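The structure displayed is predicted, hence computed values, not measured ones. Computed over heavy atoms, backbone and side chain alike; hydrogens, waters and symmetry mates excluded.
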Amino acid sequence: MSIVTEQHLDLIKKIVMSNSYYQGNEDLLSSFCNDVYSKSYLLFKSVSNYEHLYNYMQKIATNAMISVLKRNNRLKNSSENKYMTTSHDDMPSASSAGQKKTQSVYDIYKINDPFPNDYEFAIDKPEMIKLLQLVQIINSENSDKKYSKIFFARYIYNKSLETIATELKLSENEINQRLLDLADIIRENVNI
């Protein structure tokens with residue numbers, strides 16, 4: 001059972017959209033929400049008072065949004081040691097690039113635990129070989145999804161979602177979604 005409720009998701013979106021760093025960087029909404037979610041996940045378990053949670057989340061959101069802006073080269077340090085957003089007018093917008101409409105903000109919260117590498121897999125060698133073969137078969141049927149590259153990068157080479165997204169020139173949300181889709185396909189084929 002997930003501890004994240006619809007109320008938590010609404011709170012994350014509300015805090016992100018009310019933050020001063022959001023203005024002018026609306027195209028990074030999903031990245032902002034992902035970062036805030038991954039940094040506040042454990043708070044949902046421990047803080048039950050909505051007012052306290054709101055105050056903590058505002059601080060987390062500011063730090064997470066600064067991190068996202070730095071990763072996207074949209075933030076620089078001014079002479080007064082304050083962060084200033086940089087212009088990104090030369091970047092093509094999603095609509096002008098002919099890309100499809102972005103997902104709903106709630107589509108990005110399908111991950112139950114943002115710390116998947118804190119445990120070791122208890123799987124023997126023959127089962128691992130079958131799993132790898134199944135991933136290769138799924139990848140050959142859906143070569144445009146790059147399931148094999150994503151699976152190997154994430155679970156064999158322990159690369160972060162950010163690193164994989166950069167290498168494959170996809171968003172972290174898309175990498176998450178493809179990993180979830182791959183897991184669903186594997187469950188269907190293995191009858192788990």
Side-chain angles (χ1 to χ4, degrees), residues 1-76 82-118 145 150 154 160-166 168-184:
M1 183 175 143
S2 177
I3 58 167
V4 180
T5 65
E6 190 79 20
Q7 184 181 11
H8 292 129
L9 301 178
D10 289 337
L11 177 64
I12 289 172
K13 185 177 178 185
K14 176 182 173 185
I15 289 173
V16 166
M17 293 178 80
S18 65
N19 192 294
S20 62
Y21 289 111
Y22 179 70
Q23 186 178 18
N25 295 299
E26 292 85 2
D27 57 315
L28 295 175
L29 176 64
S30 62
S31 294
F32 289 148
C33 289
N34 271 339
D35 239 42
V36 172
Y37 173 72
S38 67
K39 292 178 180 179
S40 63
Y41 179 81
L42 297 176
L43 276 179
F44 300 140
K45 286 183 184 177
S46 58
V47 180
S48 58
N49 183 321
Y50 183 82
E51 188 175 313
H52 290 144
L53 182 63
Y54 186 83
N55 292 333
Y56 290 137
M57 294 287 293
Q58 284 183 315
K59 294 174 185 176
I60 291 170
T62 299
N63 289 331
M65 292 172 79
I66 288 172
S67 296
V68 169
L69 290 170
K70 283 181 180 178
R71 280 195 308 262
N72 288 284
N73 295 322
R74 296 204 189 164
L75 208 59
K76 65 178 180 178
K82 293 184 178 181
Y83 291 111
M84 298 175 59
T85 57
T86 58
S87 174
H88 61 279
D89 295 334
D90 55 333
M91 296 175 60
S93 68
S95 60
S96 67
Q99 297 174 350
K100 62 182 179 182
K101 186 178 175 186
T102 57
Q103 298 176 341
S104 162
V105 72
Y106 299 113
D107 292 343
I108 61 178
Y109 300 110
K110 294 182 180 177
I111 301 172
N112 290 330
D113 188 354
F115 309 105
N117 293 331
D118 288 349
K145 298 287 185 181
I150 294 170
R154 184 70 174 149
S160 69
L161 293 175
E162 182 181 348
T163 304
I164 299 168
T166 303
L168 298 179
K169 297 179 179 152
L170 297 169
S171 69
E172 289 179 47
N173 294 339
E174 184 64 25
I175 299 296
N176 280 335
Q177 188 60 48
R178 289 185 187 186
L179 284 169
L180 290 170
D181 293 343
L182 178 62
D184 290 340

Checklist outcome for this item: By side chain to side chain contact (heavy atoms under 4.5 Å, CB included), Tyr22 pairs with (sequence neighbours left out) Val16, Met17, Glu26, Leu29, Phe32, Met65
Next on the checklist: Could you check whether any side-chain heavy atom of Glu174 comes within less than 4.5 Å of a side-chain heavy atom of Lys169, counting everything from C-beta outward?
Outcome noted: no
Next on the checklist: Once side-chain hydrogen bond (donor to acceptor under 3.5 Å, both in side chains) is applied, do any residues pair with Ser160, and if so which ones, sequence neighbours excluded?
Outcome noted: Thr163
Next on the checklist: Nearest 0.5 Å, please: how far is NE2 in His52 from CE in Met57?
Outcome noted: 15.0 Å
Item to check | Side chains of Asn173 and Gln177, donor plus acceptor under 3.5 Å | outcome: no
Item to check | Spacing of Glu162 atom CD and Arg71 atom CZ [to the nearest 0.5 Å] | outcome: 4.5 Å
Checklist entry - Between Ile12 and Ser40, which heavy-atom pair has the shortest distance, and what is it? => result CD1-OG, 4.4 Å
Checklist entry - Are the side chains of Lys145 and Asp181 in touch, meaning some heavy atoms are under 4.5 Å apart? => result no
Item to check | Ile150 versus Ile164, closest heavy-atom pair with distance | outcome: O-CD1, 4.3 Å
Checklist entry - CZ of Arg154 to CG of Leu161: how many Å apart, nearest 0.5 Å? => result 4.0 Å
Next on the checklist: Holding to side chain to side chain contact (heavy atoms under 4.5 Å, CB included), I want the full list of residues that pass it with Asn55, two or more places apart in sequence or in another chain.
Outcome noted: Glu51, Gln58
Next on the checklist: How long is the straight-line distance from CD of Gln7 back to CG of Leu9, given to the nearest 0.5 Å?
Outcome noted: 10.0 Å
Checklist entry - How many angstroms lie between OH in Tyr21 and CD1 in Ile66, if you round to the nearest 0.5 Å? => result 4.0 Å
Checklist entry - Under the side-chain hydrogen bond (donor to acceptor under 3.5 Å, both in side chains) test, which residues partner Asn63, sequence neighbours left out? => result none
Next on the checklist: Once rounded to the nearest 0.5 Å, what's the spacing between atom CD1 of Ile175 and atom CG of Leu179?
Outcome noted: 7.0 Å
Item to check | For Lys39, all residues meeting side chain to side chain contact (heavy atoms under 4.5 Å, CB included), sequence neighbours excluded | outcome: Asp35, Ile60, Ala64, Ser67
Checklist entry - If only atom types and distance count, is the side chain of Asn72 paired as donor or acceptor with the main-chain N or O of Val68 below 3.5 Å? => result yes
Checklist outcome for this item: All heavy atoms of Val36 vs all of Ala61, minimum pair found to be CG2-CA, 3.6 Å
Item to check | Counterpart residues, side-chain hydrogen bond (donor to acceptor under 3.5 Å, both in side chains), relative to Ser171 (two or more places apart) | outcome: none
